[in-house]
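All figures in this text were calculated on a predicted structure; none of them were measured in a lab. Residue numbering restarts at 1 for every chain, and letters A, B, ... go by the order of the sequence lines.
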Amino acid sequence: MTGSRPGLPGTRNPPSRMDSHFDPRTIEGPLYEQWEARGGFAPAGEGAPYCIAIPPPNVTGRLHSGHGFQQTLMDALIRYHRMRGRGALWQMGTDHAAIATQMLVERQLAAQGVHPEDIGREAFVARVWEWYDRHDGEIAGQMRRMGASVDWDRYRFTMDEGFQAAVREVFVRLFDDGLIYKKKRLVNWDPVLGTAVSDLEVESEEEDGHLWHIRYPLLGDVRTAAGADHLVVATTRPETLLGDTGVAVHPDDERYRGLVGAHVLLPLVGRELPIVADAHVDPEFGTGCLKITPAHDFNDYEVGQRHGLAILNVFDAGATVNDEAPEPYRGLDRFAARDGVVADLEGLGLLESVEPHRHAVPRGDRSNAVLEPWLTDQWWVDIAPLAAPAIAAVEDGRIRFVPKQFENVYFAWMRDVRDWCISRQQWSGHRIPAWYDPDGNVHVGRDEDEARRRAGLDPDVPLTQDPDALDTWFSSALWTFTTLGWPERTPDLARFHPTDVLVTGYDIIFFWVARMIMMTLRFMDEVPFRTVYIHGLVRDADGAKMSKTRGNGLDPLDIVDGIALPDLVAKRTVDLPQPQMAERIEATTRRDFPDGIPAYGADALRFTYCAMASPGRDVNFDLSRVEGYRNFCNKLWNATKFVLMNLGDAGPGDGPVRLSAADCWIRSRTREMLEAVDRAVDTYRFDLYANAIYDFAWHEYCDWYLELTKPVLWDESTDPASARGARRTLLEVLDVLLRAAHPIMPYITDTLWREQAAATGGDAGTVMLARFPQAEDLDHDPEATAAIEWLKTVVVGVRTIRSEMGIPPRTAITMLLQGGDDIDRTRLDATETLLRRLAGIETVDWLDAQTEPPPAAVHVVGELKVLVPLKGLIDVEQERTRLTREIGKSTGELGRVQGKLANENFVAKAPEHIVAAERGKAADLDARLATLRAQLERLDAL
RNA sequence: GGGUGUUUAGCUCAGUUGGGAGAGCGACGGCCCUACAAGCCGUAGGUCGCAGGUUCAAGCCCUGCAACACCCACCA
């Protein structure tokens with residue numbers, strides 16, 4: 001049971017006395033520093049590499065519960081594999097979050113009354129870097145407090161020099177391969193941020209709006225089938241009328257037969273618009289006439305392309321009306337323009353009707369601004385050639401998703417993925433490595449010199465770099481291999497890539513996971529990771545998404561270290577996106593946390609995260625769970641205290657060792673616990689892992705085994721070999737338990753493990769670098785297990801009688817046994833002292849079968865009757881009630897079993913062992929009922 | 001419109017190849033017993049969303065339906 005590798009020397013001396021409660025704050029603080037100072041987080045040893053690249057948090061933010069959750073799972077995996085001897089690397093880093101940072105710095109400047117243009121690009125970028133530097137330490141501090149064993153020496157940042165080189169390299173190579181191109185087309189434009197965004201950054205929500213029906217007068221001598229001299233179009237965005245260049249109807253629509261090729265007059269503008277026929281039009285919707293605004297609607301753009309319609313852009317970058325529109329509307333914001341257009345149409349009698357209409361409105365995920373389809377020049381990645389190999393990698397199993405259903409999500413998106421708009425009209429982020437000569441020709445290169453060389457341009461030709469920056473996810477996509485040194489061929493890259501598993505949420509499968517797979521296959525010619533473990537999102541106790549806006553978020557550190565109510569309220573209501581929410585947030589916060597949050601400690605929080613990580617489910621985070629697991633930490637603390645107290649001065653002691661049935665039983669159960677743990681980790685079942693530890697530690701080791709050792713250890717007549725057996729087993733199982741639990745709860749396990757190790761005289765360093773316990777280290781002992789299970793049944797039976805009869809726990813009782821077989825007698829012999837103590841029994845007597853027992857309460861174990869004589873202790877009526885209830889239960893059960901056995905098909909077709917089991921059950925119930933009924937009769941005779 | 005997930009005790013959730021429905025929290029009753037009241041002992045509570053089907057046997061497999069959640073695409 002040794003086998004720990006040489007590790008860090010322990011620095012704590014075991015205290016002479018352990019407090020009755022553990023205090024997470026005093027034990028957790030110093031430990032992390034020790035782990036880190038001794039280099040415990042760097043991959044060590046000759047074992048096979050094991051690597052996880054952290055999903056880089058945004059450098060500017062604080063970590064929220066989602067990070068805490070995700071990082072706990074990763075740390076558990078890393079610590080587990082490190083203890084199993086793998087060269088474990090948890091690659092740390094942060095992301096530059098271009099758009100988010102741009103917004104924050106702009107807001108900071110705005111507070112000083114400064115516009116970015118006032119200070120210029122260079123100064124702005126300098127500010128951005130200041131921002132990065134200022135916030136960098138915050139995340140690190142949070143992660144250290146949570147116990148995250150990342151390798152800080154390999155820290156990377158998606159804007160560091162290596163990343164800048166990698167990004168340029170990738171850009172140039174994709175450009176050279178024709179997979180990056182620049183093109184003018186309709187993009188999703190954020191008029192507030194003033195930049196293009198990708199499809200993924202569009203969030204469409206249903207909102208209440210209107211459907212305006214507008215008359216477009218027909219030109220010339222044509223009429224609709226109904227005889228009208230105008231067409232009626234329906235639109236949710238009347239202001240785009242200013243950019244209309246056509247009207248479309250369905251080719252088969254009888255109402256407008258013959259009008260195709262004719263023209264209408266665009267109201268307010270006076271432009272002649274052709275009527276075209278296009279199958280895109282749904283004749284069922286509205287009037288079946290569709291106004292076409294190719295410059296401001298994706299579908300209209302397609303229709304316009306098919307019919308050669310003009311593209312007329314009527315908005316500028318801020319979505320105000322430009323000079324292409326008639327004079328009265330110029331300079332109006334799009335919403336003001338809408339009001340103006342509607343009012344003017346009404347004045348002209350061309351507004352036929354307005355009806356309420358619910359429809360999806362696209363908004364930017366960052367700014368929440370209504371996005372505008374806008375015609376601009378942007379850089380794009382041609383995705384199809386990258387997607388095909390990325391699909392294949394998952395299809396053929398080189399990458400697997402856990403849970404598997406997320407593969408379908410991935411496939412569905414990848415098989416229909418559109419080109420990726422990667423340019424952003426912002427200063428923050430990786431600047432696009434492209435330069436323009438005075439003629440407007442574009443030249444791409446790793447730097448300006450290279451661009452010039454490649455283009456064969458003279459040094460005196462002035463070049464201007466493209467002002468745009470890249471989508472943040474462009475550099476994120478290079479994460480697994482660039483953090484390990486690419487484009488250099490470093491030893492780390494060779495050793496740790498592909499990484500083993502990516503742990504991330506389903507919300508960024510498209511943003512990040514898919515793009516990493518595509519880019520990594522392209523540039524490394526191998527997968528970025530073999531497994532993608534997808535976890536759920538953390539929600540509040542009511543299942544609502546945690547967000548700043550809702551003010552229901554929890555900082556993991558506030559759970560770890562605690563927070564007073566006023567501080568929590570202040571934290572949740574400061575810098576709100578919607579300040580009017582403050583009052584409500586304060587009220588709910590005061591309701592949910594009337595006393596603030598106590599310091600539960602990192603271990604309790606980590607344990608909670610693991611226990612709640614059921615596959616494919618979101619996590620409704622509930623503090624009462626944390627409290628329960630904090631209590632579990634205390635349980636471990638006190639169990640260790642008990643073990644150390646009972647070692648005596650001699651420690652486990654030398655000499656012959658005799659293991660009792662209880663010792664063998666708990667060793668068997670320990671083995672089974674370890675098997676369950678390994679199974680759980682292999683299948684990423686963190687919840688089952690946590691439960692296996694919890695159930696074993698609390699309900700077997702503490703509730704039963706510790707109690708079972710008391711009679712042995714506290715009885716001076718116990719032979720020394722048996723006492724040694726108990727002491728050794730107490731210690732060894734504790735040691736195994738602490739090592740097995742360490743990946744989930746590193747602080748308390750290390751603290752207790754050092755105490756435990758010191759008690760055995762060894763200086764074993766830290767449990768973090770100890771060997772993970774193996775199931776094979778422990779023996780399986782079915783006979784001892786059966787004996788102890790027998791004992792537990794008898795004890796519980798007596799306790800139940802006691803409790804239901806109202807016999808106080810301290811009142812010693814007599815127990816009589818009757819019936820049963822040799823096995824029962826053997827088991828009693830082996831466990832009698834244990835039985836007496838656990839059930840509070842003074843004397844145990846066997847009655848032979850013929851003897852009429854005294855009036856007694858009875859508990860039946862198979863053939864064995866456990867009797868507690870009444871003798872003034874027991875109320876006859878109560879016992880009668882109890883027996884009647886027991887008889888009722890058993891009768892019902894027997895009925896079910898007999899029903900089964902009476903079924904010929906069951907007996908004929910069910911497997912033999914199942915049938916035999918049912919027969920055995922029926923026999924047991926029969927005997928049990930006979931006993932119970934006889935007992936009831938005896939009571940009646942009293 | 002397409003897709004995914006969920007539905008099990010009052011609440012939050014486990015339940016592995018089909019074979020006697022579980023845990024935590026909460027509730028109720030009893031206990032300060034020399035590890036732990038952040039504890040110990042015991043008890044109650046479920047038509048496993050609904051309806052069919054397969055099977056000797058269904059919480060689990062199949063079909064349909066319902067409710068809720070989410071993802072994708074969107075009819076202006």
What contact category does [X] fall into here, base, sugar-phosphate, or nothing, at under 4.0 angstrom with non-hydrogen atoms?
X       : result
F632(A) : nothing
R685(A) : sugar-phosphate
K889(A) : sugar-phosphate
P808(A) : nothing
A360(A) : base
E804(A) : sugar-phosphate
K921(A) : base

If I pick the [atom1] atom on [M] and the same atom on [N], what distance separates them, to the nearest angstrom?
N      : M      : atom1 : answer
G45(B) : U63(B) : P     : 36 Å
G39(B) : C50(B) : P     : 36 Å
G49(B) : C33(B) : P     : 46 Å
A27(B) : G22(B) : P     : 23 Å
A35(B) : C40(B) : C1'   : 12 Å
U43(B) : A9(B)  : C1'   : 14 Å

For [N] and [X] - does any side-chain N or O of the residue sit under 4.0 Å from the phosphate oxygens OP1/OP2?
X       : N      : value
N620(A) : C13(B) : yes
R810(A) : C33(B) : yes
R617(A) : U7(B)  : yes
S614(A) : A14(B) : yes
N631(A) : G39(B) : yes
R882(A) : U43(B) : no
K641(A) : G39(B) : no
R799(A) : G42(B) : yes
K909(A) : G18(B) : no

From [atom1] of [X] over to [atom2] of [N], roughly how many Å is that when rounded to an integer?
X       : N      : atom1 : atom2 : value
L371(A) : C74(B) : CG    : C1'   : 15 Å
L644(A) : C36(B) : CG    : C1'   : 14 Å
D297(A) : C74(B) : CG    : C1'   : 11 Å
K900(A) : U55(B) : NZ    : C1'   : 13 Å
Q405(A) : G3(B)  : CD    : P     : 16 Å
R802(A) : G30(B) : CZ    : C1'   : 12 Å
L838(A) : G42(B) : CG    : C1'   : 15 Å
E904(A) : C56(B) : CD    : P     : 13 Å

Sorted by position of nearest nucleotide on RNA chain B, 5' first, the leading residue of R885(A) and M612(A) is M612(A)
On RNA chain B, more 5' by nearest nucleotide between P809(A) and M645(A) is P809(A)
I want to verify a distance call: between [options], whose nearest atom is closest to the [X] side chain?
X       : options                : answer
R625(A) : A76(B), C56(B), U12(B) : U12(B)
N903(A) : A37(B), A76(B), C56(B) : C56(B)
N905(A) : C56(B), C31(B), G42(B) : C56(B)
D282(A) : G42(B), A14(B), A76(B) : A76(B)
V796(A) : A76(B), A38(B), G42(B) : G42(B)
S803(A) : A76(B), G29(B), C36(B) : G29(B)

The criterion is side-chain hydrogen bond (donor to acceptor under 3.5 Å, both in side chains); which residues satisfy it with [X], sequence neighbours excluded?
X       : result
H913(A) : none
R358(A) : D208(A)
R625(A) : Y629(A)

* **Parallel, tilted or perpendicular: ring planes of Y694(A) versus H699(A), cut at 30 and 60 degrees** =>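 Perpendicular.
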Practice problem: May I ask whether H359(A) stacks on the base of A76(B), given the cut-offs of 5.5 Å between ring centres and 30° between planes? | Solution: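 According to the criterion (under 5.5 Å, under 30°), no, H359(A) does not stack.
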Could you list the residues that satisfy salt bridge (charged side-chain N to carboxylate O under 4.0 Å, His left out) with [X], not counting sequence neighbours?
X       : answer
K545(A) : none
R919(A) : none
D618(A) : R539(A)

Table please: side-chain donor-acceptor pairs of residues 401-417 of chain A below 3.5 Å, with sequence neighbours left out.
{"unit_1": "K404(A)", "atom_1": "NZ", "unit_2": "E407(A)", "atom_2": "OE1", "d": "3.1"}
{"unit_1": "E407(A)", "atom_1": "OE2", "unit_2": "F401(A)", "atom_2": "N", "d": "2.9"}
{"unit_1": "Y410(A)", "atom_1": "OH", "unit_2": "A390(A)", "atom_2": "O", "d": "2.8"}
{"unit_1": "R415(A)", "atom_1": "NH2", "unit_2": "E395(A)", "atom_2": "OE2", "d": "2.7"}

Practice problem: Indicate yes or no: does R928(A) engage E886(A) in a salt bridge with an N to O separation below 4.0 Å. | Solution: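 Between E886(A) and R928(A) there is a salt bridge, with a charged N closer than 4.0 Å to a carboxylate O.
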So CE of M612(A) and CG of N620(A): to nearest 0.5 Å the spacing works out to 7.0 Å
Residue E205(A) excluded, over 12 heavy atoms near CD under 6.0 Å = no
Within 6.0 Å of CD in E355(A), more than 12 heavy atoms from elsewhere
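Check passes, neighbour count above 12.
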Sub-4.0 Å heavy-atom contacts from residues 695-713 of chain A onto RNA chain B, ordered by number =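 Hits under 4.0 Å, by residue number: W698(A), H699(A), C702(A), D703(A), L706(A), E707(A), K710(A).
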Base-pair string, RNA chain B, Watson-Crick plus G-U, cut-off 3.5 Å on both distances, | for inter-strand, is (((((((..((((.....[..)))).(((((.......))))).....(((((..]....))))))))))))....
Practice task
Quickly, which of V643(A), L737(A), I27(A), L636(A) forms a side chain to side chain contact (heavy atoms under 4.5 Å, CB included) with L752(A)? Name it, please.
Solution key: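 Testing L752(A) for a side chain to side chain contact (heavy atoms under 4.5 Å, CB included) against V643(A), L737(A), I27(A), L636(A) leaves exactly one candidate, L636(A).
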